[in-house]
Peer 1: 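Let me begin by handing over the structure; questions about it come next.
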Amino acid sequence: MTSTQKNWLSTRIDEHLDWHCSIEIPDYRSLLANLQTTLALDDLQASSLIDQIPQFEPAVDRVLLEIAPTMAELFQQLDDSQVAALEANLAEQHQEMHDKFVAPDSKTQAEERSERLEKRLRRWLGRLNESQRQRIASWSVDMEGQNRIWLDNRQHWQQQLLATLRSRSDPGFTTQITDLLIERERYWTTEFKEQTEINSRRGAAMLADVINLASDKQLTRMREQFATLDQDLQQMQCERTSTPA
């Protein structure tokens with residue numbers, strides 16, 4: 001980006017951060033408290049976790065709706081060479097992700113998928129026991145083919161974004177960018193749409209089993225992690241800056 005574009009974007013980012021820390025973060029604390037209560041249930045069921053999804057999705061949409069005008073205005077400031085560079089960078093990223101996540105054989109993909117999830121869960125539960133690791137491995141095998149489906153969908157959405165950028169001077173451009181972000185499911189591949197619902201159920205069932213297999217020590221660690229995260233969010237809250245008259 002040019003220096004003018006960078007300075008303009010920096011100012012807009014500061015405005016978005018002020019909005020986020022004053023309006024959104026207090027809601028995050030409430031959402032996480034509800035999630036913690038759910039995870040503490042005896043004999044946790046997958047359905048209880050799935051019921052949490054509609055509570056988190058609106059928070060994501062609010063952030064995307066907040067930044068959509070900024071993204072649209074930034075895109076409108078790009079010249080043809082910058083759009084071409086963006087397209088080249090996305091193509092390069094796609095190839096790198098294909099080589100990392102899709103090219104390996106199914107067994108390697110499953111092992112690496114398990115390792116990634118175990119790494120994330122260790123922050124919350126500490127070292128996993130053998131039963132938990134076996135449950136994660138079983139889930140990972142069931143996810144065969146998902147890497148390709150996910151990457152194909154990512155590329156499909158990006159291609160529609162690039163097509164929209166070619167008409168960035170049109171009056172309805174901001175609306176088109178907002179639709180790509182907020183109504184994103186309309187721009188997904190059919191295969192990805194079908195698998196998303198299936199994978200949500202698989203993931204919820206697996207996570208419920210992992211939590212139900214947790215030791216008292218692991219559950220204590222999870223409570224401590226929630227408390228730490230809540231403290232972090234509390235410190236990130238800020239007073240909403242008054243809008244000049």
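Because the structure is a prediction, the values reported are computed rather than measured.
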Peer 1: Treating Ile, Leu, Val, Met, Phe, Trp and Tyr as nodes and any side-chain heavy-atom pair under 4.5 angstrom as an edge, say whether L17 and I23 lie in one connected cluster.
Peer 2: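 No, L17 and I23 fall in different hydrophobic clusters.
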Peer 1: Grab the two heavy atoms, one from L219 and one from A214, that are nearest each other, plus how far apart they are.
Peer 2: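 In terms of heavy atoms, the two residues are closest at CD2-CB, 3.8 Å.
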Peer 1: Are L64 and F173 in one and the same hydrophobic cluster, where Ile, Leu, Val, Met, Phe, Trp and Tyr link if side-chain heavy atoms are under 4.5 Å apart?
Peer 2: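 In one cluster with L64: F173, yes.
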Peer 1: Check for a donor-acceptor pair, side chain of Q155 on one end and backbone N or O of D152 on the other, with a separation under 3.5 Å.
Peer 2: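 No, because the side chain of Q155 does not come within donor-acceptor range (under 3.5 Å) of the backbone of D152.
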Peer 1: Are F226 and L32 side-chain neighbours, meaning at least one heavy-atom pair lies under 4.5 Å?
Peer 2: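 Heavy-atom side-chain distance check passes, below 4.5 Å.
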Peer 1: Can you establish whether the number of heavy atoms outside E130 located under 6.0 Å from its atom CD is more than 12?
Peer 2: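 Count over threshold, so yes.
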Peer 1: Using modelled atom types only, decide if a donor and an acceptor are shared between the side chain of Q160 and the backbone of H156 within a distance under 3.5 Å.
Peer 2: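 Checking the backbone N and O of H156 against the side chain of Q160, a donor-acceptor pair under 3.5 Å is found.
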Peer 1: Output yes when a side-chain donor or acceptor of Q82 lies under 3.5 Å from a complementary backbone atom of D79, and no otherwise.
Peer 2: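 It does hold such a pair.
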Peer 1: Would you sort out whether R135 and D209 count as a salt bridge (charged side-chain N to carboxylate O under 4.0 Å, His left out), showing the intermediate values?
Peer 2: CA-CA 7 Å; R135 181 62 182 90; D209 289 343; 2.7 Å; yes
Peer 1: Work out which heavy atom in N147 is nearest to a heavy atom in R113; give both atom names and the distance.
Peer 2: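 Answer, listing the atom of N147 first, then R113: OD1-NH2, 3.2 Å.
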Peer 1: Go through E115 and R133 one step at a time and tell me if the salt bridge (charged side-chain N to carboxylate O under 4.0 Å, His left out) criterion holds.
Peer 2: CA-CA 9 Å; E115 290 173 2; R133 297 182 73 244; over 6 Å; no
Peer 1: Heavy-atom count check: over 12 atoms from other residues, nucleotides or ligands less than 6.0 Å from K100 NZ?
Peer 2: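 Not more than 12 within 6.0 Å, no.
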Peer 1: With no hydrogens and no angle check, is any side-chain donor or acceptor of T220 less than 3.5 Å from a backbone partner on D216?
Peer 2: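 Confirmed, T220 side chain pairs with D216 backbone.
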Peer 1: Can you confirm whether D105 is buried at CG, in the sense that more than 12 heavy atoms of other residues, nucleotides or ligands lie under 6.0 Å from that atom?
Peer 2: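 Counting other residues, nucleotides and ligands, CG of D105 exceeds 12 neighbours.
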Peer 1: Do L9 and L78 belong to the same hydrophobic cluster, where Ile, Leu, Val, Met, Phe, Trp and Tyr are linked whenever their side-chain heavy atoms lie under 4.5 Å apart, directly or via other members?
Peer 2: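 No, because L9 and L78 fall into different hydrophobic clusters, even though each may have its own neighbours under 4.5 Å.
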Peer 1: What are the two closest heavy atoms between Q77 and Q5, and how far apart are they?
Peer 2: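 Heavy-atom minimum between the residues: O-NE2, 3.0 Å.
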Peer 1: I need the F75 CZ to L162 CG distance, nearest 0.5 Å.
Peer 2: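 One finds 9.0 Å between CZ of F75 and CG of L162.
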Peer 1: Run the numbers on E111 and K107 for salt bridge (charged side-chain N to carboxylate O under 4.0 Å, His left out), then give the verdict.
Peer 2: CA-CA 6 Å; E111 291 173 349; K107 182 174 182 293; 2.6 Å; yes
Peer 1: With distance as the sole test, does R184 use its side chain to make a donor-acceptor pair with the main-chain N or O of L181 at under 3.5 Å?
Peer 2: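 Confirmed, R184 side chain pairs with L181 backbone.
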Peer 1: Does CD belonging to E144 count more than 12 external heavy atoms closer than 6.0 Å?
Peer 2: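 No.
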Peer 1: Any side-chain heavy atom of Q218 within less than 4.5 Å of one from L213?
Peer 2: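 Not touching, per the 4.5 Å side-chain cut-off.
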Peer 1: Verify side-chain hydrogen bond (donor to acceptor under 3.5 Å, both in side chains) between N34 and Q52, making sure each step is shown before the conclusion.
Peer 2: CA-CA 8 Å; N34 292 337; Q52 292 286 313; 5.9 Å; no
Peer 1: Closer than 3.5 angstrom, by distance alone: can the side chain of S114 be matched with the main-chain N or O of A110 as a donor-acceptor pair?
Peer 2: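 Yes; judged by distance alone, with no hydrogens or angles, the pair exists.
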Peer 1: Should the heavy atoms of other residues, nucleotides or ligands under 6.0 Å from CZ of R127 be counted, would the total exceed 12?
Peer 2: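 At most 12 heavy atoms, drawn from other residues, nucleotides or ligands, come within 6.0 Å of this atom.
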Peer 1: Counting only N and O atoms by type, is there a donor-acceptor contact under 3.5 Å from the side chain of N89 to the main-chain atoms of A85?
Peer 2: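 Yes, N89 side chain to A85 backbone: donor-acceptor pair under 3.5 Å.
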Peer 1: Give a yes or no answer on whether the side chain of W157 reaches the backbone of T189 with a donor-acceptor pair at less than 3.5 Å.
Peer 2: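 Here the side-chain-to-backbone pair does not exist.
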Peer 1: Name the residue from E66, Q237, R62 that meets the side-chain contact (heavy atoms from CB on, under 4.5 Å) definition with E24.
Peer 2: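 For E24, the side-chain contact (heavy atoms from CB on, under 4.5 Å) test succeeds with only one of E66, Q237, R62, which is R62.
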Peer 1: Would you say I50 and M143 are hydrophobically clustered, going by side-chain heavy atoms of ILVMFWY under 4.5 Å?
Peer 2: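 Shared cluster, no.
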